[in-house]
Amino acid sequence: MSTPRATPQRVPPADRGATRIADRVVAKIAAQAAREALTAQPDGPPEADRAGSAGGAVAGAPHATVTVHHDIARVRVSLELEYPSDLAAQCAAVRHQVVRRIEECAAMSVPEVDIDIEHLHSAHTRTAAVRDRKLR
């Protein structure tokens, strides 16, 4: 004859533990979200930059740094943008997409997204550079 087994007590989900998402993972989510926002913009990166964005780091690809404290992420995104273009609209689109994707993927609130525009690329200087390369 066997002895009856004691039924283990169920531990409420909140008391079982927590999943910690590393800052660098949230930074990668933010950089990808910025890339998505810029490619969706009409004044976004040129086709050459868009083609390389699926892989690793590309010159001109957005870069993000994140500080996470509990479930709050503070994000700083560095961008290179085309000029002339609507810089404010591009930055607003990046902010919106970064907040949305981090909340969606990491379940963190994002009270602020700081944008650093590191370089502005002029279509005129790019055209001149391409022309100079062809002449060499």
Side-chain angles (χ1 to χ4, degrees):
M1 183 170 206
S2 63
T3 59
R5 294 174 71 185
T7 307
Q9 291 185 0
R10 291 196 168 248
V11 178
D15 295 339
R16 290 184 197 155
T19 301
R20 185 182 182 303
I21 300 173
D23 293 8
R24 64 189 172 104
V25 173
V26 181
K28 287 180 181 183
I29 293 169
Q32 178 62 35
R35 203 171 297 120
E36 292 168 2
L38 291 175
T39 56
Q41 291 287 310
D43 293 332
E47 292 299 322
D49 289 350
R50 291 180 191 187
S53 65
V58 176
H63 173 74
T65 56
V66 176
T67 303
V68 177
H69 184 67
H70 298 291
D71 287 338
I72 299 172
R74 301 204 184 277
V75 182
R76 178 177 297 272
V77 179
S78 299
L79 304 174
E80 293 186 15
L81 300 175
E82 294 296 315
Y83 186 81
S85 64
D86 188 351
L87 301 177
Q90 290 182 64
C91 290
V94 167
R95 279 190 184 96
H96 174 75
Q97 184 71 357
V98 166
V99 168
R100 189 176 74 75
R101 296 290 280 161
I102 290 175
E103 287 176 349
E104 182 179 279
C105 296
M108 294 181 181
S109 65
V110 184
E112 65 183 56
V113 177
D114 293 332
I115 305 283
D116 291 332
I117 301 175
E118 291 187 343
H119 298 284
L120 292 174
H121 297 283
S122 170
H124 302 294
T125 57
R126 185 181 313 107
T127 304
V130 169
R131 185 181 64 238
D132 289 347
R133 270 188 248 138
K134 287 181 182 178
L135 293 176
R136 288 182 195 168

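Please read all numbers here as calculations on a predicted model, not as lab measurements. Sequential numbering from 1 along the given sequence is applied to the chain's residues.
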Check: What's the shortest heavy-atom distance between Ala34 and Val98, and which atoms?
Finding: N-CG2, 4.1 Å

Next item on the list: List the atom of Gln90, the atom of Ser85, and the distance in Å for their closest heavy-atom pair.
Entry: NE2-OG, 2.8 Å

Next item on the list: For side-chain contact (heavy atoms from CB on, under 4.5 Å), just list the numbers for Glu36 and Arg101, CA-CA rounded to whole Å, side-chain angles, deciding distance to a tenth of an Å, and then say yes or no.
Entry: CA-CA 10 Å; Glu36 292 168 2; Arg101 296 290 280 161; 3.4 Å; yes

Side chains of residues 8-21: which donor-acceptor pairs under 3.5 Å do they make with residues two or more places apart or in other chains?
residue	atom	partner	partner atom	Å
Arg16	NE	Val11	O	3.0
Arg16	NH2	Val11	O	3.2

Notebook entry, point to check: If Ile, Leu, Val, Met, Phe, Trp and Tyr residues are connected whenever their side-chain heavy atoms lie under 4.5 Å apart, and connections chain through other members, are Val66 and Ile72 in the same group?
Noted result: no

Note to self: For Arg100, I'd like to know if atom CZ has over 12 heavy atoms of other residues, nucleotides or ligands within 6.0 Å.
What the structure shows: yes

Item checked: Matching residue for Val99 among Val75, Val113, Val94 - test: side-chain contact (heavy atoms from CB on, under 4.5 Å) -> Val113

Notebook entry, point to check: Which heavy atom of Ala73 sits nearest a heavy atom of Met108, and at what distance?
Noted result: CB-SD, 4.1 Å

Notebook entry, point to check: What's the spacing between Arg35 CZ and Leu79 CG if we round to 0.5 Å?
Noted result: 10.5 Å

Next item on the list: Only counting residues at least two apart or in another chain, list the ones meeting salt bridge (Lys or Arg N to Asp or Glu O under 4.0 Å) with Asp116.
Entry: Arg76

Item checked: Minimum heavy-atom distance Ala37-Ala93, with the two atoms named -> CB-O, 3.6 Å

Next item on the list: Nearest 0.5 Å please: distance from the CG atom of Leu87 over to the CD atom of Glu82.
Entry: 10.5 Å

Check: Roughly how far, to the nearest 0.5 Å, is the CG atom of Asp23 from the CZ atom of Arg74?
Finding: 13.0 Å

Notebook entry, point to check: Do Cys105 and Val25 have side-chain heavy atoms sitting under 4.5 Å apart?
Noted result: no

